[in-house]
Amino acid sequence: MMRSLFSIVCVFALAACTAKAPLSVEVVRSEMARCPDATYIDGLEGKLKWNYTTGLELKAMLDAAPEEAFDYVDAWYDAIIDSTGHIYKYKKSNYSTDHICPGRTLFGLYDLTEKPKYKAAMDSLYSQIQSQPRTPEGGFWHKAIYPNQMWLDGLYMAQPFYAEYTTRFIADSLQREANYNDIAHQFQTVYDHTFDAETGLLRHAWDSSHSMFWCNEETGQSDHAWGRAMGWYVMALVDVIEILPAGEQKDALVRILNSCFQAIPLFADQTTGMWYQVLDRPYAEGNYLEATASVMFVYAMLKGARMGVLEGITAADARASYEEMLRTFVRVDEDGLVNLDHCCEVAGLGGKDNRRGDYDYYINEPVRSNDPKGIGPLIWAALEYERK
């Protein structure tokens, strides 16, 4: 009974908030109110940094409110990209897939502004993709500092940009087809090597050399299915499926998407239908319902259902999950701003902190509100829900 009353209160609060604008736009306005300009997104406090989290959120803002958000979004990109298309402090030699992700916003900005420097910046990022180091199986390294490793996160970071750049700017039909094959291969490779037959879920990462301290010596897999990692992966799938032309590559990605969504609902919380930080241990002590992964899954469900590529999940199912997501994680504060609570701030493997990727590691990472890795997908989920 208490949960029912709480849900009703939340729904009325959100309805009041969105009376003058759709929720997608209200989230944009809330973020612009919290962050005086885009250099304050993700706690950067005015620092200009080519950062996937900033780029992710700015793309969502531009998608949801192109007139209101244009100056805000363009100001950040105009400041960080010089007249020649050079990106401030970007180094191709780092070969970080994370650094491809902010380039996605440039497609829309280039259409709106026709600034040659935005096209030049996209060309630079495509050049990185062309020479990205690969595992022996042909998968992109996540970063140069993580040799021979594929992380599920990296598929979102690079593949949607790769697909859109190819579709828009590669005129040679043979090269375009080769790129589409490569994109499908990236998804298939990481799927094959992170798949956990016991759960049907995908583990966070895979080391093709089987040498990292965090991986299983026999499989090269990390220990757990981390919620947001799989969220990144299914978001990447629906975004790329939307871009690719009909054919074998798209069909292969649709099969992978459906395989993922055969398992994901099985690990949802029975009360809320939302998902836990450590996906494969939903009711373990210390585990918690995590917003960014849940929003990503909901967005992928809504978009997949809308495109007609999901089996067994209807548009009504996806819309019901969206509404439960609002009740579980979204709050309107005393200033009328929309907040997304219970976001894991960060999680990774290896690196300078020697992150082991065990259960205790994931559940003890910082939790905060309004993380851009949740705000961006929340805006996109709202846009899907608001479609007529």
Side-chain angles (χ1 to χ4, degrees), residues 7 11 23-24 60 63 152 155-156 159-160 163 184 187-188 190-191 194-203 225-244 246 249-280 282-283 289-330 340 373-374 376-388:
S7 298
V11 168
L23 179 62
S24 58
D63 289 345
L152 293 179
L155 276 292
Y156 184 85
Q159 302 311 312
F187 281 101
Q188 189 68 58
V190 81
Y191 175 87
T194 60
F195 182 76
D196 175 11
E198 184 176 341
T199 64
L201 299 170
L202 305 184
R203 302 286 181 89
W226 176 42
R228 186 159 73 227
M230 197 154 183
W232 285 124
Y233 186 72
V234 294
M235 283 211 309
L237 281 166
V238 294
D239 284 2
V240 171
I241 286 168
E242 185 176 46
I243 296 168
L244 291 186
Q249 302 98 340
K250 176 176 280 197
D251 292 344
L253 299 193
V254 169
R255 287 192 295 272
I256 293 173
L257 179 69
N258 278 288
S259 174
C260 290
F261 272 104
Q262 287 175 8
I264 288 169
L266 302 178
F267 291 85
D269 175 59
Q270 292 183 1
T271 302
T272 64
M274 295 296 103
W275 289 269
Y276 285 81
Q277 165 75 342
V278 183
L279 199 57
D280 54 4
Y283 301 107
L289 294 175
E290 200 278 323
T292 66
S294 296
V295 176
M296 289 175 178
F297 291 149
V298 169
Y299 165 65
M301 289 167 61
L302 285 163
K303 189 167 185 175
R306 190 250 301 170
M307 293 190 297
V309 296
L310 275 180
E311 300 170 0
I313 296 177
T314 67
D317 295 331
R319 292 175 70 83
S321 290
Y322 173 86
E323 292 161 4
E324 190 60 55
M325 178 268 293
L326 296 185
R327 286 189 283 267
T328 305
F329 298 115
V330 178
L340 181 68
K373 298 180 288 294
L378 174 61
I379 293 171
W380 288 319
L383 283 172
E384 288 291 334
Y385 186 85
E386 292 156 8
R387 293 173 75 101
K388 300 297 183 183

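Every heavy atom of this structure was used, including side-chain atoms; hydrogens, water molecules and symmetry mates were not. Numbers for residues simply follow the sequence, beginning at 1.
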Criterion side chain to side chain donor-acceptor pair (under 3.5 Å) on Thr194 and Tyr233, from CA distance to verdict: CA-CA 11 Å; Thr194 60; Tyr233 186 72; over 6 Å; no

Intermediate values then yes/no, side chain to side chain contact (heavy atoms under 4.5 Å, CB included), Asp239 and Lys303: CA-CA 8 Å; Asp239 284 2; Lys303 189 167 185 175; 2.9 Å; yes

Steps toward side chain to side chain contact (heavy atoms under 4.5 Å, CB included) verdict (Arg327, Met274): CA-CA 10 Å; Arg327 286 189 283 267; Met274 295 296 103; over 6 Å; no

Applying side chain to side chain contact (heavy atoms under 4.5 Å, CB included), run through Val309 and Lys250 and close with a yes or a no. CA-CA 10 Å; Val309 296; Lys250 176 176 280 197; over 6 Å; no

Pair Leu202-Asp196, side chain to side chain contact (heavy atoms under 4.5 Å, CB included): steps then yes or no: CA-CA 6 Å; Leu202 305 184; Asp196 175 11; over 6 Å; no

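When side chains are defined from C-beta on, Val298 does not count as touching Glu384, because their heavy atoms never get closer than 4.5 Å. Side chains of Trp226 and Leu152 form no contact here, defined as non-hydrogen atoms less than 4.5 Å apart. Leu23 is listed as a side-chain neighbour of Leu326, based on a closest heavy-atom distance under 4.5 Å. Within the 4.5 Å cutoff, the side chain of Leu257 has heavy atoms near those of the Val238 side chain.
Of all the heavy atoms in Ala263 and Leu201, the pair that sits closest is CB-CD2, 3.9 Å. Taking both residues in full, the closest heavy atoms of Ala268 and Gly273 are given as CB-O, 3.6 Å, listed atom of the first, atom of the second, then distance. Nearest heavy atom pair, residue Met235 against residue Ala300, reads N-CB, 4.4 Å. The two residues Gly312 and Asp317 have their closest heavy-atom pair at O-OD2, 3.9 Å. For the residue pair Ile379 and Ala60, the shortest heavy atom distance occurs at CG2-O, 3.5 Å. Across every non-hydrogen atom of Ser24 and Leu383, the tightest pair is OG-CD2, 3.6 Å.
Aromatic ring orientation, Tyr385 versus Tyr322: parallel (interplanar angle below 30°, classes split at 30° and 60°).
How far CD of Gln262 is from CG of Leu310: 10.5 Å, rounded to the nearest 0.5 Å. For the atom pair CG (Asp269) and OG1 (Thr328), the distance works out to 8.0 Å, reported to the nearest 0.5 Å. Between the OH atom of Tyr191 and the CZ atom of Arg255 there is a distance of 11.0 Å, given to the nearest 0.5 Å. One finds the CZ atom of Phe297 at 11.5 Å from the CZ atom of Arg228 (value rounded to the nearest 0.5 Å). Rounding to the nearest 0.5 angstrom, the gap separating the CE atom in Met301 from the CZ atom in Arg319 is 12.5 Å. Note that CG of Leu279 is 7.0 Å distant from CD1 of Ile264, once rounded to the nearest 0.5 Å.
A 6.0 Å sphere centred on CD of Glu386 holds more than 12 heavy atoms belonging to other residues, nucleotides or ligands.
Between the side chain of Ser294 and the backbone N or O of Trp275, at least one donor-acceptor pair lies under 3.5 Å.
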